Number of protein chains: 2
Amino acid sequence: MKISLVAVEPNEQQPCVDCSVRQFSLCAALDRAELRELEHLGRHVHFATCETVFAQEEMTTSFYNLLEGVMRLYKLLPDGRRQIVGFALPGDFLGMTASARHSFSADAIGPVTICRFSRAAFARFIEDKAHLLRRINELAVRELSQAQDHMVLLGRRSAEEKVATFLIGWRDRLGRLSGPAKTVPLPMSRQDIADYLGLTIETVSRTFTKLERDRVIDILPGSISLLDPARVEALAAA
Amino acid sequence: MKISLVAVEPNEQQPCVDCSVRQFSLCAALDRAELRELEHLGRHVHFATCETVFAQEEMTTSFYNLLEGVMRLYKLLPDGRRQIVGFALPGDFLGMTASARHSFSADAIGPVTICRFSRAAFARFIEDKAHLLRRINELAVRELSQAQDHMVLLGRRSAEEKVATFLIGWRDRLGRLSGPAKTVPLPMSRQDIADYLGLTIETVSRTFTKLERDRVIDILPGSISLLDPARVEALAAA
DNA sequence: AATGGCGGTTGATTCAGATCAAAGGCGGCC
DNA sequence: GGCCGCCTTTGATCTGAATCAACCGCCATT
């Protein structure tokens, strides 16, 4: 069982019981019989780098369980300004909406594999399963809490604090999936990071450079190494 | 049946069926028998202006249904910077948390009345009620969506757009409770608005003044009148 | 090995909003 | 009525991050 940040190649669709992200996902709440039932509803789908899985304003036809890879979730203003509201990792569940349309867009950062459920079938499946509904609640409330943390970041923190908070948060999320590590892979572009933190690409780049000059991080191609994790954590906490 | 932004005076605890905010609240999902059951679990409580109903990091002991008045929900950074993550209005349900502790503080803007439920009792009450769990989901997902909208505002909008978006959003929320109106009551202080929008009090004040100079709004004590709603909406949409 | 393109970095300058400072306005209270 | 304190507005100045503008490094293509 390994969690992959990149979908390697179209693999056979294995049974839900063997699903590598099961215990991190919604499906952790299901028993064996339910998993077998669910198996008929989900279809594995692959998306290539930068492909869009669903777009803002599109009708919601499916729910999605991310299996491999990383996705960016973002909202666009009419004039093109973009705010990334989150990055999705394996185990994340997408497609819950208040209305019948998606309120944000989601596309692949690198190749991804997704487990897709028809909206209607899935809705029927969960309808009377209180334990599953409670699990969905738990996920929704956790996401809401993260969203509120992010509001604090966007509204009240300096560029340096934003970048540090992002590094620590991303490291911790990856750590929960694959265990702790001092080097943090950053599959997303600088522009993505900027749009997530409410900054410009130049400011993100300058801030990374400053942290590197201060011997706090090391900038590597596609990743950042935390030379002084305590300093980064301090910046993130402050 | 009237919805009040201010709790007038300690009133008798009327039965849930007569609750003025029922159809806006969680309880809209309950039938008569369930309402009668719930009646024994909820207690009406009053709070005076600026009193804290619960604080960040405090253990969660209760759930709360706001009946009358307005509350501010906010997070504090260690150095005192504050981000208001939302304002609560009658019908709003508070106290759902991912952990056992509150992730934000909530206090009264003006006098409020709250229907308080013991956490354990309420958890037992909803445990197997799928329709109620679905309703809670609906509320959580709606809040998440609002939070994402607010991230866009905080990360990507100018001061003028922020203020306009706030005015329109607040007007619409009040409108849903008490019908449309051209004059928007603002029970919260300028500082609250600033901390909600990720601005300073001076910038909020200046932006209001500018909109008034442009004949777009009229600044009244405790409220704002929208002279040119279309202009405000345009600023908010842009 | 040259060419072109793209993502990232760096530098110079500008500007929106923050900060610092002072003065109004208004209600509560003696 | 007059004084106090708080909230809000207004003005002057400053500054962190945005904007504008090169430029670098690296890979892919020819």
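For clarity, every value in this text was computed on a predicted model and none was experimentally measured. Atoms considered below: every heavy atom in the structure, side chains included; atoms not considered: hydrogens, waters and symmetry mates. Chain naming here is simple, since letters A, B, ... match the order of the sequence lines and numbering starts at 1 in each.
Between the CD1 atom of A:Ile201 and the P atom of C:dC6 there is a distance of 14 Å, given to the nearest Å. Across the protein-nucleic acid pair, B:Arg190 atom CZ and C:dG25 atom P stand 15 Å apart, rounded to whole Å. Here C:dG8 presents its P atom at 10 Å from CZ of A:Phe208, a figure rounded to the nearest Å. Whole-Å rounding puts the B:Ile224 CD1 to D:dT9 C1' distance at 13 Å. Rounded to whole Å, atom P of C:dG7 lies 13 Å from atom CG of A:Asp195. For the pair B:Gln191 CD and D:dC6 C1', the computed distance is 13 Å after rounding to whole Å. Atom-to-atom, CG of B:Leu197 to C1' of C:dA18 comes out at 15 Å; the value is rounded to the nearest Å.
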Strictly under 4.0 angstrom, non-hydrogen atoms only: write out the protein contact profile of nucleotides 15-26 of chain D, one letter per nucleotide from the 5' end, B, S or -. --SSBB------
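Residue pairs meeting the ring pair (Phe, Tyr, Trp, His ring centres under 6.0 Å) criterion with at least one member in residues 196-229 of chain A, sequence neighbours excluded, are A:Phe87-A:Tyr196, A:His150-A:Tyr196, A:Phe166-A:Tyr196.
Within residues 210-219 of chain B, no residue places a heavy atom under 4.0 Å from DNA chain C.
Residue B:Ser205 is classed as a base contact, given a heavy-atom separation below 4.0 Å to a base.
Between the side chains of A:Thr113 and A:His44, no donor-acceptor pair of N or O atoms lies under 3.5 Å.
When atom types are taken as modelled, the side chain of A:Glu161 and the backbone of A:Ser158 share a donor-acceptor pair closer than 3.5 angstrom.
Note on B:Asp192 versus B:Arg82: salt bridge recorded, some NZ/NE/NH1/NH2 to OD/OE distance being below 4.0 Å. Residues B:Asp107 and B:Arg72 are paired through a salt bridge, judged by an N-O separation under 4.0 Å between the basic side chain and the carboxylate.
You'll find the side chain of B:Val232 reaches within 4.5 Å of the side chain of B:Ile217, heavy atoms only.
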Given A:Thr61 and A:Arg119, is the side chain to side chain donor-acceptor pair (under 3.5 Å) satisfied, shown in steps? CA-CA 5 Å; A:Thr61 61; A:Arg119 189 172 186 77; over 6 Å; no
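The line from CD of A:Glu57 to CG of A:Leu76 is 10.5 Å long, rounded to the nearest 0.5 Å.
Using the six-membered ring where Trp is involved, B:Phe93 and B:Phe63 have ring planes that are parallel, under 30° apart on the 30 and 60° scheme.
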